[in-house]
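Below is one structure, written out as structure tokens, with a few remarks after it.
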Amino acid sequence: MTASAHSLSFELAPGGALRGELRVPGDKSISHRAVMLAALAEGETEIEGFLEGADSLATLAAFRAMGVEAEGPAAGRLRVSGVGLQGLREPQQALDLGNSGTSMRLLSGLLAGQRFASTLIGDASLSRRPMGRVIDPLTQMGARIEATPEGRSPLRVLPAEALVGIDYALPVASAQVKSSLLLAGLYAQGETCVTEPAPTRDHTERMLGAFGYPVRRQGNRVCLSGGGRLVATPIRIPADISSAAFFLVGASIAPGSDLTLTEVGMNPTRIGVVNILRQMGADIAIERPRELGGEPVADLRVRAAALHGIAIPEDQVPLAIDEFPALFIAAACADGETLLSGAAELRVKESDRIQVMADGLSALGVEVEPRADGMLIRGIGAAGLLGGGRVAGHGDHRIAMAFAISALRATAPIQVDDCANVETSFPRFAGLAAGVGLQITERRAEERAEERG
Ligand code: S3P
């Protein structure tokens with residue numbers, strides 16, 4: 001973690017409501033895949049709605065370092081000159097993927113099939129995250145990947161003699177692992193198949209199809225054969241439901257709210273947050289459902305509602321895996337108890353999201369019981385208010401944004417520290433949120449020091 005990453009705080013005045021209309025930035029998962037497949041395609045791909053956040057920019061920088069030319073991004077537009085599956089060049093330096101687990105895991109698979117060696121590095125958080133989950137199956141395919149003894153980055157990906165397809169049953173529901181193996185499968189002899197224990201986001205499969213690469217799905221098993229080609233195609237990226245989630249929760253918990261989020265990605269493998277909030281009593285109308293670039297989208301109109309606690313159905317967990325920081329705030333403001341279980345994965349995200357959210361909620365006066373695979377939250381009730389105070393963001397974008405919206409139901413100001421990584425998935429979050437009613441100010445450490453001095 002750099003010094004500057006610690007230096008940004010959000011200061012929030014308590015109360016307020018969210019009103020108006022907002023398009024949150026482009027989907028992070030789809031933005032990563034768009035760059036990767038465009039780079040490997042034959043021809044020029046025009047991407048619209050690209051997320052100009054640090055994570056997807058890290059993926060773009062990695063491909064530029066491997067000789068891929070791209071114009072932009074500017075206002076979400078990016079034009080990538082594809083080099084074909086065999087056209088990448090050896091990078092001269094380690095590829096620095098910053099905070100981005102998706103970049104590292106997907107690239108591991110893609111790079112395993114190259115004729116050159118590469119090194120993947122990341123920030124302190126990424127260097128703590130488990131990579132064995134991709135290294136083990138990729139090694140079974142013939143890949144040569146070196147990691148630390150604990151199975152963490154830096155990763156050194158060496159050229160393999162040959163990759164061969166495998167038939168792999170994922171031990172954890174992970175779209176990153178599935179995607180990593182499918183990308184390696186593009187370079188493997190024979191068929192690569194991945195079976196998931198529960199459905200996870202299917203953007204890789206959909207986008208491979210859009211680039212003309214045959215992918216076969218039968219139930220929870222997805223297969224492709226190596227040796228094909230990708231053909232450039234225009235890509236339009238919907239607004240990220242994971243970013244919209246903060247506003248879905250914020251408008252639900254803040255009395256008087258009436259907010260419309262436009263062009264939100266509604267892929268069935270991503271809409272757990274809408275399903276869960278509706279079960280809790282949220283008032284979310286799905287308006288103008290339509291297709292955008294092979295993905296379903298809709299406008300979501302959300303009005304304040306009295307939420308009640310629920311036992312979150314375990315089948316919704318992979319469909320809402322990134323939305324639990326926001327959902328925990330909804331649960332904290334609900335009537336009665338909310339129980340999450342079957343979500344041990346939250347402990348190995350950008351931070352330990354169970355512990356970090358439990359600590360922050362406790363600081364705001366909420367009774368919580370963190371568990372190995374989830375959390376029990378005793379809501380303050382529809383008429384209750386959270387306390388104010390200071391909460392640690394732990395350099396985790398989604399923790400920072402979750403506590404920012406909690407201020408809508410607080411009695412006193414809330415300061416969230418260590419928020420600079422919000423930039424990884426949601427550039428200009430504070431400005432956009434302020435535009436619809438969140439009373440948020442960004443403060444850098446230097447400004448606070450000057451005021452004190
Ligand atoms: C992602 C998959 C999920 C998610 C992450 C993005 C992807 O991770 O948490 O933010 O783009 O494939 P896992 O595959 O580890 O569940």
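Counting starts at 1 for both ligands and their atoms, following the listed order.
Contact annotation for His203 and ligand 1: no heavy atom of the residue comes within less than 4.0 Å of the ligand.
Electrostatic pairing of Arg428 and Glu52 does not count as a salt bridge here, judged by no charged N lying under 4.0 Å from a carboxylate O. A salt bridge does not link Arg129 with Asp123: every distance from a Lys NZ or Arg NE/NH1/NH2 to an Asp or Glu carboxylate oxygen is 4.0 Å or more. Using a cutoff of 4.0 Å between basic side-chain nitrogens and carboxylate oxygens, Asp396 and Arg353 are scored as salt-bridged. The existence of a salt bridge linking Glu369 and Arg371 is confirmed by a sub-4.0 Å separation between a basic side-chain nitrogen and an acidic carboxylate oxygen.
Contact between Lys178 and ligand 1 is absent, with no heavy atom of the residue lying under 4.0 Å from the ligand. Under the 4.0 angstrom criterion for non-hydrogen atoms, Lys349 is in contact with ligand 1.
For the salt bridge (Lys or Arg N to Asp or Glu O under 4.0 Å) criterion with Asp240, the lone passing option out of Arg270, Arg201, Lys28 is Arg270.
Of the candidates Arg33, His32, Arg129, the one placing a heavy atom closest to atom 12 (O) of ligand 1 is Arg33. Between atom 2 (C) of ligand 1 and the options Gln176, Arg133, Arg105, the minimum heavy-atom separation is to Gln176.
For ligand 1, none of its N or O atoms has an N or O atom of Glu345 under 3.5 Å away. The shortest N or O to N or O distance between Ile321 and ligand 1 is not below 3.5 Å. Here's the thing with Ser179: none of its N/O atoms is less than 3.5 angstrom from an N/O atom of ligand 1.
Taking a cut-off of under 4.0 Å to the non-hydrogen atoms of Ala175, the atoms of ligand 1 that pass are 12 (O), 14 (O). Close approach of ligand 1 to Asp322 is summarised as follows: ligand atoms under 4.0 Å from at least one heavy atom of the residue are 4 (C), 5 (C), 9 (O), 10 (O).
Closest to atom 14 (O) of ligand 1, if we only count protein heavy atoms, is Ser174 OG, 2.6 Å.
Checked by atom type and distance alone, the side chain of Arg156 never pairs as donor or acceptor with a backbone atom of Ala117 at under 3.5 Å. At least one donor-acceptor pair under 3.5 Å links the side chain of Ser125 to the backbone N or O of Glu350.
Between the side chains of Thr102 and Gln176, at least one donor-acceptor pair of N or O atoms lies under 3.5 Å.
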